[in-house]
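One structure is given here, and the rest of the page talks about it.
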Amino acid sequence: MKNRILGSSHIKISEVGLGCWQLGGDFGPVSDSSAKEILETALAEGISFFDTADVYGAGKSESYIGQVLADAGSEVKIATKYGRGPGSFPDGYSLIDLRDSVKRAQDRLQRDCIDLLQLHCIPTEVMAYGAIFDWLRHVQQDGHIAHFGASVERIDEALICAQHPDLTSLQIIFNLFRQNAKKELFDISQENNIGVIVRLPLASGLLSGKYNSSTQFDDSDHRNYNKNGDAFSVGETFAGIEFSKGLELVKAISSFKPDTYTMAQFAMRWILDHPAVTTIIPGASSHEQVSSNVAVSALPELPGELHQALYDFYITEVEQNIRCAI
Ligand SMILES: NC(=O)c1ccc[n+]([C@@H]2O[C@H](COP(=O)([O-])OP(=O)(O)OC[C@H]3O[C@@H](n4cnc5c(N)ncnc54)[C@H](OP(=O)(O)O)[C@@H]3O)[C@@H](O)[C@H]2O)c1
């Protein structure tokens with residue numbers, strides 16, 4: 001597993017991390033044994049970056065991570081988030097609320113200091129007002145968090161956050177269905193030495209190419225209950241592409257795929273080929289998926305002309321189908 005440095009933090013993390021939203025049960029029910037097996041496989045395979053949030057399963061995802069990674073050593077980094085919890089989102093933010101939330105996360109994660117705390121898709125006006133960044137600095141000075149960053153829905157929000165010189169990372173959606181960061185963010189994040197954490201590398205699994213028109217998702221899976229954005233931003237489910245349109249687009253994109261890659265590996269290798277990206281955080285519903293995703297780190301880069309062809313395809317065929325502001 002290759003590592004990259006996370007922004008200005010000097011922290012070395014694996015270029016393939018693990019997204020842990022699914023461990024909270026928001027992709028359908030997850031058994032204790034499956035959650036632990038996924039985390040244990042990730043550790044054994046060299047993953048050293050785990051992304052979670054206080055709200056994933058109301059703390060369940062953080063608790064699993066705390067239990068399994070308790071003895072993992074300081075080179076294993078955990079990033080969690082603040083800002084979508086009841087009482088906080090959308091207008092309950094304060095230094096006291098932040099401190100309380102961090103304390104609860106520390107308990108669940110079994111860590112005295114959280115490696116990276118990210119603002120979790122908070123309202124644009126709260127990030128623009130800026131007081132919340134001062135509160136993060138207070139909590140950092142108290143030693144409860146080592147670094148802070150922001151997870152955002154849109155590039156204009158990323159640019160607001162990037163104005164803070166001590167921001168370590170931005171978490172964004174960037175995949176074959178969402179390529180705008182390439183032209184609108186990466187030069188700036190690199191100039192400002194801000195790490196880029198890529199979520200939804202597989203557009204919620206769509207880019208693995210394994211779904212078809214008969215695929216059904218569990219009632220408790222956001223790919224069912226949020227398929228049209230009824231619970232939260234539609235951009236967080238299938239990257240904002242309507243499912244049947246997504247199936248068509250994946251089929252077309254698969255014709256660009258070299259034979260030696262699976263579709264999921266092709267989609268993730270494409271992301272890692274961008275030097276501005278620090279890590280990808282694919283979610284996984286099985287330990288086999290974790291192993292397959294880790295293998296992407298060792299695959300060769302894709303040729304430049306293929307990158308250009310995939311960008312052209314995005315501009316002509318994909319971008320107009322994204323059902324939210326990006
Ligand atoms: N606002 C935010 O900050 C925010 C929002 C969303 C996500 N995130 C973070 O980003 C992480 C990743 O996002 P995500 O899980 O929503 O999307 P994703 O990584 O694009 O998709 C994950 C899904 O892809 C499928 N998959 C994974 N590896 C595969 C493989 N090797 N072969 C075939 N299928 C594979 C699995 O689907 P099946 O379940 O069908 O097997 C898995 O549940 C989350 O866990 C979370 O940490 C953050």
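In each ligand, atom 1 is the first atom listed, and ligand 1 is the first ligand listed. Here, residue 1 is the first one in the sequence, and each next residue gets the next number.
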With a cut-off of 4.0 Å, which atoms of ligand 1 are near a heavy atom of [X]?
X: S292; answer: 31 (N)
X: G19; answer: 11 (C), 44 (C), 45 (O), 47 (O)
X: G205; answer: 20 (O), 21 (O), 23 (C), 24 (O), 25 (C)
X: S204; answer: 17 (O), 18 (P), 20 (O), 21 (O), 23 (C)
X: S285; answer: 38 (P), 39 (O), 41 (O)
X: H120; answer: 1 (N), 2 (C), 3 (O)

Just so I know, are the side chains of [X] and [Y] near enough to count as touching, which here means a heavy-atom distance under 4.5 Å?
X: L18; Y: D51; result: no
X: T215; Y: N212; result: yes
X: I38; Y: S286; result: no

Of all the non-hydrogen atoms in the protein, which one sits nearest to [atom], and at what distance?
atom: atom 13 (O) of ligand 1; value: L200 N, 3.5 Å
atom: atom 9 (C) of ligand 1; value: D51 OD2, 3.5 Å
atom: atom 20 (O) of ligand 1; value: L202 N, 2.8 Å
atom: atom 12 (C) of ligand 1; value: I281 O, 3.0 Å
atom: atom 39 (O) of ligand 1; value: R223 NH2, 3.0 Å
atom: atom 5 (C) of ligand 1; value: E236 OE1, 3.1 Å
atom: atom 32 (N) of ligand 1; value: A264 CB, 4.0 Å
atom: atom 1 (N) of ligand 1; value: C121 SG, 3.2 Å

Would you say [X] has any N or O atom under 3.5 Å from an N or O of ligand 1, going by distance alone?
X: K210; answer: yes
X: C20; answer: yes
X: H222; answer: no
X: A203; answer: yes

Is Y211 near ligand 1, meaning one of its heavy atoms is under 4.0 Å from it? yes

Residues R99, D142: salt bridge by 4.0 Å N-O rule: yes

Hey, is D54 close enough to R104 for a salt bridge, meaning N to O under 4.0 Å? no

Out of [options], who is nearest to [atom] when you count heavy atoms only?
atom: atom 4 (C) of ligand 1; options: Q289, K81, R199, Q22; answer: R199
atom: atom 27 (C) of ligand 1; options: A53, A295, G283, A284; answer: G283
atom: atom 3 (O) of ligand 1; options: P201, S151, G235, P282; answer: S151

Side chains of [X] and [Y]: do they bring a donor and an acceptor to under 3.5 Å?
X: S14; Y: R4; value: no
X: Q106; Y: H144; value: yes
X: T279; Y: E15; value: no
X: S292; Y: E288; value: no
X: E319; Y: Y314; value: yes
X: N193; Y: S8; value: no
X: R223; Y: Y211; value: yes

For ligand 1, is any non-hydrogen atom under 4.0 Å from [X]'s backbone (N, CA, C, O), its side chain (CB onward), both, or neither?
X: M268; result: neither
X: F27; result: side chain
X: N293; result: side chain
X: Q265; result: neither
X: E153; result: neither

For the pair Y93 and Y82, name the ring-plane relationship: parallel under 30°, tilted 30 to 60°, perpendicular over 60°. perpendicular

When you look at K182 and Y311, which way does the side-chain contact (heavy atoms from CB on, under 4.5 Å) test go after all the steps? CA-CA 10 Å; K182 205 178 159 96; Y311 185 68; 3.9 Å; yes

Pick one: which of F313, F174, Y261, F256 meets ring-ring contact (aromatic ring centres under 6.0 Å, His included) with W270? F174

Mark yes or no: K245 above the aromatic ring of F238, with NZ or CZ under 6.0 Å from the six-membered ring centre and no more than 45 degrees from the axis. no

